[in-house]
Amino acid sequence: MLARVMEPTPGDLAADASAYQAMDHQQVNNVFVDDLLGGGAVGPRVIDLGCGPAGIPLILSERWRAAEDAGDLAGSSFADGQLQILAVDFAVEMLELVQFEIELVGMQDLVYLQQIDLTDPEGLQEDLSQTIISNTVLHHLPNPITAIQVATRALMPGGRLFIRDLFRPDSEEEIERLVELHTDFAADTEVPPEFAPSQLLRQSLWAALTLEEAREMVESVGIPADVIQMTSDRHWTLDWTSPNGPSVQTA
């Protein structure tokens with residue numbers, strides 16, 4: 001098994017935020033939202049842990065507004081009440097870019113921003129939200145269990161946790177195969193080498209957890225291991241509804 005190798009620490013957070021925002025995540029974000037809405041109830045209060053450029057909160061807001069305009073909220077996966085999405089990230093530089101995007105598309109009544117540190121298990125208050133989501137964030141953290149602890153602390157009893165992340169393959173050859181398969185190498189020439197999509201994906205795959213590591217991690221805080229399943233050739237997904245009782249353990 002390959003040992004986990006953490007990604008380099010960004011030297012320029014503003015440049016890192018701009019480069020990440022410029023990348024095209026539309027397809028994977030739409031798949032994430034499709035799977036989220038197709039798997040159960042969502043909201044009305046949603047927290048996106050590690051929102052990055054907030055592509056998923058904006059797509060989710062567009063879907064909610066379209067259903068509202070069509071008078072079809074009752075027939076959708078959205079719970080009763082106006083959608084409220086708290087999009088959180090550690091990088092203030094990223095949140096500043098996101099705020100402009102939110103205002104540009106007129107979603108400031110649905111999407112709110114907050115800076116938090118996912119390495120702090122008590123980064124959010126208890127029982128804040130009925131739905132907590134996160135997409136490809138855990139592999140960025142040296143100790144990903146802290147983000148799970150943030151999520152379980154902030155999730156209301158009976159709430160839904162939906163997390164998707166990359167998984168670490170068994171060999172360097174498999175990492176390179178996935179990089180080649182899922183990267184547009186023409187885009188590499190348009191950005192500095194450290195921000196090339198192929199290099200970012202390669203680093204992320206090295207930094208990701210294996211399926212077994214992810215299952216052991218969530219099981220340690222009381223979430224059944226079998227709620228984590230492989231959902232693509234490079235992603236695992238956790239989709240879990242908490243019991244209607246005391247919160248799971250956070251330490």
Side-chain angles (χ1 to χ4, degrees), residues 1-7 9 32 35-36 39-42 45-52 56 86-91 114-171 174-175 178 203-251:
M1 179 187 298
L2 293 177
R4 187 179 184 221
V5 179
M6 289 302 300
E7 299 162 306
T9 302
F32 183 98
D35 292 346
L36 173 66
V42 175
R45 281 175 283 181
V46 177
I47 299 175
D48 183 7
L49 299 178
C51 65
I56 288 170
L86 178 62
V88 306
D89 203 277
F90 178 72
Q114 182 175 332
Q115 192 269 343
I116 74 162
D117 184 358
L118 288 179
T119 67
D120 177 5
E122 298 184 356
L124 286 172
Q125 293 176 297
E126 295 182 1
D127 300 340
L128 280 179
S129 176
Q130 294 94 353
T131 306
I132 296 181
I133 63 176
S134 183
N135 186 44
T136 57
V137 170
L138 297 187
H139 69 272
H140 295 299
L141 303 175
N143 191 13
I145 187 63
T146 59
I148 301 295
Q149 291 168 338
V150 169
T152 56
R153 174 181 169 86
L155 190 66
M156 292 179 176
R160 184 175 171 211
L161 182 60
F162 189 89
I163 294 177
R164 178 165 292 168
D165 211 284
L166 295 166
F167 91 106
R168 188 171 78 254
D170 291 333
S171 68
E174 178 63 7
I175 287 178
L178 291 170
Q203 291 173 172
S204 293
L205 290 169
W206 276 99
L209 301 177
T210 66
L211 191 66
E212 293 74 18
E213 288 169 344
R215 286 173 170 167
E216 289 174 3
M217 173 183 66
V218 302
E219 197 169 33
S220 72
V221 294
I223 298 174
D226 61 4
V227 302
I228 290 184
Q229 298 293 330
M230 289 296 299
T231 48
S232 84
D233 62 354
R234 63 199 189 282
H235 295 104
W236 56 262
T237 301
L238 179 158
D239 192 356
W240 174 70
T241 299
S242 72
N244 288 299
S247 301
V248 296
Q249 65 195 63
T250 58

Test side-chain contact (heavy atoms from CB on, under 4.5 Å) on Ile133 and Leu36; report intermediate values, then the result.
CA-CA 9 Å; Ile133 63 176; Leu36 173 66; 3.9 Å; yes

Approximate separation, where rounding is to 0.5 Å, of Ser134 OG and Ile148 CD1:
7.5 Å

So Ser129 and Leu86, do their side chains get closer than 4.5 Å, heavy atoms only?
no

Mind running side-chain contact (heavy atoms from CB on, under 4.5 Å) on Asn135 and Phe162 for me, showing each step along the way?
CA-CA 9 Å; Asn135 186 44; Phe162 189 89; over 6 Å; no

side-chain contact (heavy atoms from CB on, under 4.5 Å) partners for Glu122, two or more places apart
Asp120, Arg153

Might you work through the side-chain contact (heavy atoms from CB on, under 4.5 Å) test for Leu128 and Arg45, ending with a clear yes or no?
CA-CA 8 Å; Leu128 280 179; Arg45 281 175 283 181; over 6 Å; no

Minimum heavy-atom separation for Pro169 to Leu178, with atom names?
CG-CD1, 3.8 Å

Not counting sequence neighbours, which residues clear ring pair (Phe, Tyr, Trp, His ring centres under 6.0 Å) with Phe167? List them please.
none

May I ask you to test the Thr231-Asp35 pair for a side-chain heavy-atom distance under 4.5 Å?
no

Does the side chain of Arg160 pick up a donor-acceptor pair with the side chain of Thr241 at under 3.5 Å?
no

Closest approach of Gln149 to Thr152 (non-hydrogen atoms, all atoms of both residues):
O-OG1, 3.2 Å

Under 3.5 Å, is there a donor-acceptor pair between the side chain of Arg4 and the main chain of Pro142?
yes

Identified side chain to side chain contact (heavy atoms under 4.5 Å, CB included) counterpart of Leu138 within the set Ile145, Leu166, Asp165, Leu238
Asp165

So which heavy atom on Ala154 is nearest to which on Ile47, and how close?
CB-CD1, 4.2 Å

Between the side chains of Glu213 and Arg168, is the shortest nitrogen-to-carboxylate-oxygen separation below 4.0 Å, so that they form an ion pair?
yes

Could you tell me whether a side-chain N or O of Glu219 sits under 3.5 Å from a main-chain N or O of Pro224, the two making a donor and an acceptor?
no

Please report the interatomic distance CG(Asn143) to OG1(Thr119), rounded to the nearest 0.5 Å.
9.0 Å

Got a second to check how far Leu2's CG is from Thr210's OG1, nearest 0.5 Å?
10.5 Å

How many angstroms lie between CD1 in Ile132 and CE in Met156, if you round to the nearest 0.5 Å?
9.5 Å

Distance-minimising heavy-atom pair for Leu211 and Trp236:
CD1-CB, 3.8 Å

Polar side-chain atom of Arg215 near backbone of Ile228 as donor-acceptor pair, under 3.5 Å
yes

Backbone N or O of Gly159 within a donor-acceptor pair of the Ser242 side chain at under 3.5 Å?
yes

Give a yes or no answer on whether the side chain of Thr146 reaches the backbone of Leu118 with a donor-acceptor pair at less than 3.5 Å.
yes

Would Ile223 and Leu161 satisfy side-chain contact (heavy atoms from CB on, under 4.5 Å), going step by step from the backbone distance to the final call?
CA-CA 10 Å; Ile223 298 174; Leu161 182 60; 4.0 Å; yes

Pro157 and Asp127 have their tightest heavy-atom pair at CD-OD1, 3.7 Å

List the atom of Ser232, the atom of Met230, and the distance in Å for their closest heavy-atom pair.
O-CE, 3.2 Å

CZ-NE2 distance between Phe32 and His235, expressed to the nearest 0.5 angstrom:
10.0 Å

